[in-house]
Amino acid sequence: MTNFEPKSALLQTLQARGFIHQTSDMAALDALAAAGKLIAYVGYDCTAPSLHVGNLMSIMMLHWLQKTGNKPIVLMGGGTTQVGDPSGKDASRPLATLETIAANKASIFRAFSKFITFGDGTHDAIMVDNADWLTKLNYIAFLRDVGRHFSVNRMLSMDSVKLRLEREQELSFIEFNYMCLQAYDYVELNRRFGCNLQMGGSDQWGNIVTGVDLGRRLGTPQLHALTCPLLTTASGAKMGKSAKGAVWLNPDMLSAWDYWQFWRNAEDADVTRFLKLFTLLPLDDIARLSALQGADINEAKKVLATEATALVHGREAAETAAQTAAATFSGGELDTNLPTIEISGAEAGELGILSAAVMAGLAGSNGEARRLITGGGLQANSAPVTDPALKLANIDLLEGGFIKLSRGSKKHVLLKIVP
RNA sequence: GGAGGAGUGUCCCGAGUGGCAAAGGGGGCGGACUGUAAAUCCGCUGGCUACGCCUUCGUAGGUUCGAGUCCUACCUCCUCCA
């Protein structure tokens with residue numbers, strides 16, 4: 001694979017930018033891509049009202065796919081989500097209701113429309129829901145028509161299953177079936193839309209290839225597989241988790257400011273890789289940024305943050321975040337675009353610093369705020385707070401009636417005192 | 001169905017002999033050093049109306065001045081036997 005030199009714009013791009021981990025047949029894919037005949041899908045669960053940066057790589061692959069003249073299919077797992085993916089191993093998690101799934105689906109869709117164009121044209125993306133066919137399956141019929149083609153021997157040898165068995169962890173029957181449903185999805189998408197490529201993270205390889213096999217047995221045209229590397233930071237941590245939890249793509253779940261900060265705080269060793277994967281910048285520009293050394297890498301991080309944020313939140317919001325960051329971190333100035341919460345003057349009079357920190361989301365409880373103060377980690381207007389009993393009324397207001405509360409050196413929230 | 005073992009701080013792993021808010025890691029957060037990076041060092045890592053009070057060790061009872069620790073029943077998981 002490493003020696004293959006693709007001719008199609010799609011594979012050239014994906015390869016150069018580091019999206020390709022494994023493919024079923026590079027040469028065949030290349031030919032299809034060059035002819036604009038790829039119809040590729042990626043599946044997403046509807047367990048949350050928003051996707052997060054962990055999903056971003058596959059979304060970018062769909063973007064490039066469309067941009068180079070092929071057709072993307074977004075598959076929402078409305079059916080598989082009803083069953084629930086048990087790999088989280090805490091069976092206690094309640095299954096999402098149908099209403100929740102429907103709401104999540106609609107909410108997730110908004111993020112996609114920023115990356116790919118939906119419509120009825122040949123190369124317009126379409127979104128489908130596997131609930132449309134999975135919920136109508138008849139168990140016996142499914143076993144006879146589809147199940148007969150799955151070899152349990154082979155399934156047992158697949159990494160996803162084998163690892164669980166070796167570690168003596170519970171593997172429920174439904175989870176064991178998961179790959180069958182996913183494989184069936186692939187075949188169904190081929191029959192309905194001529195889909196001939198499934199993409200996903202490298203952990204999906206086994207499931208995807210199972211679908212390819214099933215297609216062959218059921219007489220579909222040759223299906224293909226392409227996986228991207230599993231994304232971890234240079235220090236090995238899983239991508240997408242931050243202090244506040246998942247890094248969501250939807251603006252109502254995570255502000256442009258926080259999203260910008262997430263990328264701005266990338267590790268040095270990740271910057272080049274992230275620029276290639278998560279921005280649309282030409283590779284020449286990225287090469288220039290990659291040449292930066294030492295503290296200059298911060299410039300590359302700012303570009304990364306702004307470009308990545310512009311994709312999800314729009315150019316304007318990204319620029320605002322960048323300027324706010326410059327004023328706050330470099331200039332030491334007050335920028336009213338920082339996250340702000342309003343407090344009435346009457347309320348503020350009695351409010352203690354501990355409660356204020358909790359209201360601002362800088363601490364999870366009064367106790368945590370107190371510990372933070374003990375450790376010297378909480379500042380009001382850039383001055384360390386030393387007294388846990390401090391009242392807001394005793395803090396001098398900044399121009400415009402603001403108090404800037406900070407946790408550590410990175411997290412800032414403005415309290416606006418309104419009449 | 002029988003025998004044995006296990007479930008610990010709601011992020012994870014994991015010590016724990018009747019006095020336990022519970023050892024030790026990892027992770028996370030804060031501080032120092034830097035460049036809003038990494039590495040390193042230090043501190044914190046149940047809640048509250050806070051020198052005190054409340055809630056935590058699978059679930060529900062019991063013994064005891066006092067239970068994560070002992071007893072009973074139940075639930076779940078693992079191993080071996082049928």
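Labels below follow one simple rule: chain letters A, B, ... track the order of the sequence lines, proteins then strands, and each chain is numbered from 1.
The phosphate of B:C48 has OP1 or OP2 within less than 4.0 Å of a side-chain N or O from A:Ser365. Checking the phosphate oxygens (OP1, OP2) of B:G47, a side-chain nitrogen or oxygen of A:Arg371 falls inside 4.0 Å. Under 4.0 angstrom from either OP1 or OP2 of B:G30 there lies at least one side-chain N or O belonging to A:Lys411. A close approach under 4.0 Å does occur between a side-chain nitrogen or oxygen of A:Lys410 and OP1 or OP2 of B:A37.
Summarising the geometry, the separation between CD on A:Gln293 and P on B:G35 is reported as 15 Å, rounded to the nearest angstrom. For A:Gln323 and B:U36, the CD to C1' distance is 18 Å, given to the nearest whole Å. A straight line from CD1 of A:Ile353 to P of B:A50 spans 17 Å, rounded to a whole angstrom. Taking atom CD on A:Glu267 and atom P on B:A39, their separation rounds to 7 Å, with Å as the unit.
Ion pairing between a basic and an acidic side chain is recognised when a charged N comes within 4.0 Å of a carboxylate O; A:Arg371 and A:Glu368 show no such pairing.
In this structure, A:Tyr41 and A:Tyr186 have perpendicular ring planes: the angle between them is above 60°, well past the 30° mark. Between A:Phe109 and A:Phe118, the ring planes are tilted. Angles from 30° to 60° get that label.
Spacing of C1' atoms, B:C70 relative to B:G25, comes out at 30 Å, to the nearest Å. B:G52 and B:G18 have their C1' atoms separated by 25 Å, with the value rounded to a whole Å.
Here B:C20 is in the syn range [glycosidic angle within 90° of 0].
Base engagement by A:Arg264 is indicated by at least one non-hydrogen atom pair under 4.0 Å involving a base atom. At the heavy-atom level, A:Gln261 lies under 4.0 Å from base atoms of the strands shown.
In the interface, the side chain of A:Asn366 is not paired with the base of B:G47 through any donor and acceptor atom under 3.5 Å apart.
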